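Let me begin by presenting the structure, written as structure tokens, before commenting on it.
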Number of protein chains: 2
Amino acid sequence: MVSSHTPNSPGRQHSPGAATGPTERAATTTTGEGRPFAADAVDAIVDQWAQVRPDLDTGPMAVYGRIYRIARTMGDAVEKEYARFGVSRGEFDVLATLRRSGEPYTLSPRELSATLMLTTGGMTGRLDRLERAGLLTRNPCPDDRRALRVTLTDRGLELADGAVTAGLGVQHQKLGSALDTEEAEQLATLLRKLLGAHE
Amino acid sequence: MVSSHTPNSPGRQHSPGAATGPTERAATTTTGEGRPFAADAVDAIVDQWAQVRPDLDTGPMAVYGRIYRIARTMGDAVEKEYARFGVSRGEFDVLATLRRSGEPYTLSPRELSATLMLTTGGMTGRLDRLERAGLLTRNPCPDDRRALRVTLTDRGLELADGAVTAGLGVQHQKLGSALDTEEAEQLATLLRKLLGAHE
DNA sequence: AGTAAATAGCTTACTCGCTAGCTACTTAGT
DNA sequence: ACTAAGTAGCTAGCGAGTAAGCTATTTACT
């Protein structure tokens, strides 16, 4: 009873946030505890743990397990949107950071890698690809000869504007289909509080 | 005023959920809108977008932006815990899935890759490493000569039990420091609703 | 001035996932 | 029976990150 697994959608892509042990199974509701809401995949996992390790305090899974899964699902969805513009999510993040920094859309690789929480080696690679694609330029910094000035090209700016709109569209749609405005605000408030403890 | 960046902690690690364009900056509160709560990194990003693209509906960022960041931060934190046991997060996920499937702690690579949303190629690699580490065994399946039976060893079971406790401990601590019990429950309920729309 | 420490960006080696294609086996259709 | 399609797991090659180490330059100290 514990070992029947539902082979879900033929999984693809990277596995960023499956974390505390994701599982897919339709709500078999193995433990018949009266639950006020439709059981989801995370409830199934928690139930499974309760059966084999009833001593475990699985409380945090109800929050973090879902956060991991939502992050992954939505991440995959927006990634598909960005792909229509010919960039990956990581590459989009670079363009978006430059875009929202305002004119003249210029930052240093150092600022970008710090902002995007990326090693400098990783940043070099992303800039290489984006420069090759003609979406940004690298110029020497006049004030500091160690440093560079990375600037969005017109094409890069245009792409960033299109992609950010597309990405927000997907998010807006999913969010709106699940929660009303008040709930979404509640959720944002609770998440801000939680994020505060994380940063 | 738009281009001063605070080089935050010397970022490392992979960049799974930075998404809609993460930024680090202390709450400079460039737009002096009376905000009832302490502004976080996501508020700063939203403010920045408001300045350069006031037409944009950045509402979803308040939810998904924070979800990405929390997923990443907590993911890194638990990864460190698992590292003390000598396994990566992905490897732990395999052990945990077997552990919570109950006795005899046996699943097929297919079941595992489906559950963990991993390609079969990726699964082969993880099983190779875990088998080499003596944490699980691969045996032929008696019913289907194409298939295998992956089983946790005693060491694997022990490690899974220790690591899941450690990981939950970290999560419990962070969650408890940010929210009281009622808020955590509210959050879990809203996230369940949102995850429902995603799966 | 003169030197030590810090910083910017790049390079190299390594990791680990994905894609795509393969063989072996099983199931379904005739 | 026989064949066609589907499934299980593996392998090869690629992509994109990390970690660690490098050079050039700047800053801070004496």
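No experiment lies behind these values; they were computed from the predicted model shown. Chain A is the first sequence line, chain B the second, and so forth, proteins listed ahead of strands; every chain is numbered from 1.
Of the two residues near DNA chain D, A/Ser88 and A/Asp144, the one whose nearest nucleotide lies more 5' is A/Ser88. For the pair A/Leu127 and B/Glu91, nearest-nucleotide mapping onto DNA chain C gives the more 5' position to A/Leu127.
For A/Ala147, the listed nucleotide lying nearest its side chain is C/dG9; candidates were C/dG9, D/dG17, D/dG9. For A/Arg129, the listed nucleotide lying nearest its side chain is D/dG17; candidates were D/dG17, D/dG9, C/dG9.
The phosphate of D/dA8 has neither OP1 nor OP2 within less than 4.0 Å of any side-chain N or O from B/Arg138. The side chain of A/Arg126 places no N or O atom within less than 4.0 Å of a non-bridging phosphate oxygen (OP1 or OP2) of C/dC10.
In summary, A/Asp76 and A/Lys80 do not engage in a salt bridge, as defined by a charged side-chain N under 4.0 Å from a carboxylate O. Here A/Lys193 does not pair with B/Asp40 in a salt bridge; the nearest charged N to carboxylate O distance is not below 4.0 Å. For A/Asp43 and A/Arg66, the salt-bridge test passes: some basic side-chain N is under 4.0 Å from an acidic carboxylate O. The pair B/Arg84-B/Glu81 meets the salt-bridge criterion, since a charged nitrogen lies less than 4.0 angstrom from a carboxylate oxygen.
As judged by a 4.0 angstrom heavy-atom cut-off over every strand, B/Ser108 is placed among residues touching the sugar-phosphate backbone only. If you check every strand for non-hydrogen atoms under 4.0 Å, B/Arg149 touches nothing. At a threshold of 4.0 angstrom between heavy atoms, the contacts of A/Gly121 include nucleobase atoms, whether or not backbone atoms are also involved.
One can place CG of B/Leu118 at 13 Å from C1' of D/dG9, the figure rounded to the nearest angstrom. With rounding to whole Å, A/Glu131 atom CD is found 9 Å from C/dC10 atom P. In this entry the distance linking CZ of A/Arg145 with P of C/dC10 reads 17 Å, nearest Å. What separates NZ of B/Lys80 from P of D/dA19 is a distance of 10 Å, to the nearest Å. The distance from atom CE of A/Met123 to atom P of D/dG17 is 9 Å, rounded to the nearest whole Å.
In this model, no side-chain donor or acceptor of A/Arg146 finds a partner on the base of D/dT26 within 3.5 Å.
Cation-pi check for A/Arg126 over A/Phe92 is not met; the charged atom does not lie both under 6.0 angstrom from the ring centroid and within 45 degrees of its normal.
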